[in-house]
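Below you'll find the structure, written out as structure tokens, and then a few comments.
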Amino acid sequence: MKSLTIILNTVYESITRLTLLFYLAFGTIILLVIAFGLRGLYDDGVLIGISFFGNQIPVIDGIDPSGFIFMTTVGGSMSAILLLGAFATASIIPETLRKGTIDIYLSKPISRLALLLSKYMGAISAIGVALFYFMAGLFIIIGIKTGIWNTDVFPALGLIILMFMCIQSMSTLVGVLFKNMGLVLVFVYLHLFLFSPFLRLRKELVGLLTENAIVHRIFDGLYYALPQLSEMQERISFLFAPAAIEEITKFSFTPFSYSLISCAAMFLLAYIKFKRSDY
Amino acid sequence: MHPIETRNLTKIFTSGLFNKLEVRALDDVSLEVKKGEIFGLLGPNGAGKTTFIRILLGITYPTMGEAFLLEKPVSHYQLKTRIGYLPENHQFPKHMTGERILIYFGKLSGLDNHTLRKKCEELLHLVNMTKWKGVRVKKYSKGMLQRIGLAQAMINDPDVLFLDEPTDGVDPVGRKEIRDILKRLRDRGKTIFLNSHLLSEVEMVSDRVAILKRGKVIRSGATTEFTITSDEHEVKFDGSISDDLLNTLRSYNPTLRLEGNVLTFTTADRVTINNIIDKLREENISIESISKRKGTLEDTFIDLMNEDSAP
């Protein structure tokens with residue numbers, strides 16, 4: 001009950017902030033663009049293709065054209081989704097740990113674990129609400145426009161939320177360590193846009209610099225210890241890939257499994273630090 | 001066992017490279033606060049007053065010693081259902097209204113919706129915030145924040161109430177109202193622990209006080225012990241006193257001194273007092289008042305602070 005109160009309040013708090021509203025506005029713009037630009041092309045009531053602002057995508061046997069739309073829309077806007085989502089929730093932990101605020105929370109009959117976990121879940125729920133709005137909107141608009149109801153959107157929503165769980169674990173850990181929103185964003189963005197893509201290509205990139213096995217092992221260790229955001233991002237886009245592409249990409253849950261372990265480990269570290277700290 | 005008890009409580013904060021810099025915020029503090037009393041903890045800035053409260057509430061961990069609240073070690077977070085706390089410079093989530101804050105923190109204290117609704121109305125009325133209950137706290141003045149903070153601390157009808165500078169930023173009328181609330185709570189058997197710089201406030205409301213300096217309790221006891229009436233007397237008069245008369249009066253009591261229209265002297269002898277009055281009347285000097293000077297908590301506090309810093 002107490003945890004639910006904190007979760008709901010965190011969602012409400014995020015909604016009252018401009019950052020989440022901006023996030024929702026961004027989603028709305030994309031939905032509007034699709035709603036206005038997408039059109040189903042029919043011949044005698046049979047879908048023969050779709051057009052997007054006049055560019056035609058023909059229906060090829062066995063290939064769902066809505067998959068292209070989902071793949072390009074979700075894949076294309078993924079970076080912005082993650083960037084804005086991380087920004088919308090970055091302040092949650094530092095603000096909870098502010099002097100004068102944390103004192104009140106810790107004077108209430110709630111354990112430190114329940115408090116941290118509820119704030120974490122609140123952040124995920126806030127992003128979940130915004131993502132649900134975006135993905136469900138995409139599902140409905142494309143469904144209405146093309147008559148194709150692509151249910152892959154729902155597992156994709158779950159996987160994007162899982163990505164956010166990893167990002168939020170990192171935010172929580174950095175937030176508990178430094179109590180600073182700016183640093184939370186620096187760490188999350190660096191990992192999202194620099195470390196994660198770099199670690200994914202570590203073999204080639206590190207190989208250009210050194211052949212030292214220890215250095216390679218260190219980078220391998222980092223690769224498995226940190227959330228594999230880059231891979232997850234790509235896998236989610238390819239979830240919508242038509243059968244022909246799907247065969248090439250071979251969707252795998254491995255990066256999600258490793259990242260989930262990494263996410264749990266980061267949250268655990270954040271909790272240990274939070275549990276042991278004086279406020 | 002008392003509602004608040006600490007035994008040899010010590011807190012050392014460390015900082016710097018390899019935690020080499022140590023600050024002893026609390027040093028072997030043993031205190032007891034009885035049920036149904038208002039206890040004032042005094043001390044200059046950095047004396048360790050807030051650290052003491054934070055340890056009792058489990059916000060900060062002690063380095064050594066023990067702390068008990070309502071007969072249980074402070075590590076039992078469930079006992080906080082019976083505790084209320086108003087921190088110094090508290091910061092409420094800015095998006096909330098005053099009423100929403102009471103509901104939110106009331107729920108976190110484990111109250112059900114029905115009790116909460118009733119309690120909210122009652123407390124908003126008590127702290128004079130009914131009119132502002134629907135306004136977001138970011139628009140509140142310091143005094144209003146203190147009032148809503150006090151209501152938040154009382155939302156679960158706590159047995160023990162910790163207040164850190166509760167009258168900070170509150171106007172004189174508001175302060176009087178807060179004092180009255182605290183007295184009423186004490187009369188209902190609640191235990192109140194008060195941290196304040198405003199010694200006159202503490203003096204007016206506290207039953208017992210302790211003075212903390214550099215983390216150590218340097219004196220504790222009933223408030224009356226800190227405000228003992230001295231043998232110093234003040235006589236206010238109308239008119240002027242000649243040098244001859246002043247010398248005559250000094251022959252009765254050599255400690256006598258004149259400051260404006262006030263004669264001050266120290267004696268426990270009633271005859272001396274009467275002689276001085278008789279002489280003044282004989283010289284047709286009109287007496288306005290005679291009073292025995294009462295020491296204030298502030299006097300004692302400043303004396304204690306100076307005592308220790310004297311070479």
Side-chain angles (χ1 to χ4, degrees), chain A residues 1-21 88-89 91-119 121-123 126 176-179 181 271-279, chain B residues 11-14 25 50-51 53-63 69 74-97 100-101 103-113 116 136 138 145 149 152-153 155-156 158 160-162 164:
Chain A
M1 182 64 191
K2 288 172 200 163
S3 292
L4 185 65
T5 304
I6 297 176
I7 291 171
L8 291 177
N9 182 65
T10 309
V11 174
Y12 176 62
E13 191 177 350
S14 306
I15 289 168
T16 58
R17 284 213 187 98
L18 287 175
T19 43
L20 197 77
L21 290 177
T89 55
S91 65
I92 288 175
I93 297 297
E95 285 203 1
T96 305
L97 300 181
R98 248 188 334 182
K99 265 207 185 323
T101 302
I102 189 67
D103 305 64
I104 302 177
Y105 275 115
L106 294 181
S107 71
K108 301 296 170 196
I110 182 162
S111 68
R112 291 193 184 203
L113 176 62
L115 175 62
L116 196 68
L117 198 56
S118 306
K119 282 284 172 184
M121 292 304 292
V176 167
L177 288 174
F178 302 106
K179 303 180 191 104
M181 180 190 164
Y271 168 64
I272 291 169
K273 171 68 184 159
F274 181 53
K275 170 83 180 159
R276 295 176 63 171
S277 292
D278 287 327
Y279 291 97
Chain B
K11 176 67 189 177
I12 301 166
F13 287 109
T14 52
T50 301
T51 303
I53 288 190
R54 286 201 173 125
I55 288 177
L56 285 170
L57 290 165
I59 298 168
T60 295
Y61 300 110
T63 309
L69 263 184
V74 290
S75 52
H76 286 231
Y77 72 86
Q78 292 93 338
L79 64 84
K80 291 175 192 168
T81 45
R82 294 166 63 196
I83 305 293
Y85 177 41
L86 169 68
E88 187 185 12
N89 298 325
H90 52 275
Q91 308 242 21
F92 290 125
K94 289 183 173 58
H95 66 284
M96 287 191 188
T97 63
R100 185 81 213 143
I101 278 168
I103 292 170
Y104 180 56
F105 287 110
K107 280 185 178 173
L108 293 191
S109 298
L111 294 181
D112 60 81
N113 284 339
L116 202 50
R136 286 192 180 187
K138 64 181 175 190
L145 282 170
Q152 173 277 133
I155 191 75
N156 53 337
V160 181
L161 188 59
F162 289 93
D164 203 346

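Distance check: A:L106 CG to B:L57 CG gives 9.0 Å after rounding to the nearest 0.5 Å.
Within the 4.5 angstrom heavy-atom criterion, no atom of A:I102 approaches chain B. When heavy atoms are compared at a cutoff of 4.5 Å, B:F13 approaches chain A solely by way of its side chain, counted from C-beta outward.
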So which N and O atoms of chain A and chain B form donor-acceptor pairs under 3.5 Å?
| residue | atom | partner | partner atom | Å |
| --- | --- | --- | --- | --- |
| A:N9 | OD1 | B:H95 | NE2 | 3.4 |
| A:R98 | NH1 | B:Q91 | OE1 | 3.4 |
| A:G100 | O | B:Q91 | N | 3.1 |
| A:T101 | OG1 | B:Q91 | O | 2.8 |
| A:D103 | OD2 | B:R54 | NE | 2.7 |
| A:D103 | OD2 | B:R54 | NH2 | 2.9 |
| A:Y105 | OH | B:Y104 | OH | 2.8 |
| A:L106 | O | B:K80 | NZ | 2.7 |
| A:K108 | NZ | B:Q152 | OE1 | 2.7 |
| A:R112 | NE | B:Y61 | OH | 3.4 |
| A:R112 | NH2 | B:G58 | O | 3.0 |
| A:R112 | NH2 | B:I59 | O | 3.1 |
| A:K275 | O | B:Y61 | OH | 2.5 |
| A:D278 | OD1 | B:Y61 | N | 2.7 |
| A:D278 | OD2 | B:K11 | NZ | 2.5 |
| A:Y279 | N | B:I59 | O | 3.1 |
| A:Y279 | O | B:T60 | OG1 | 2.7 |

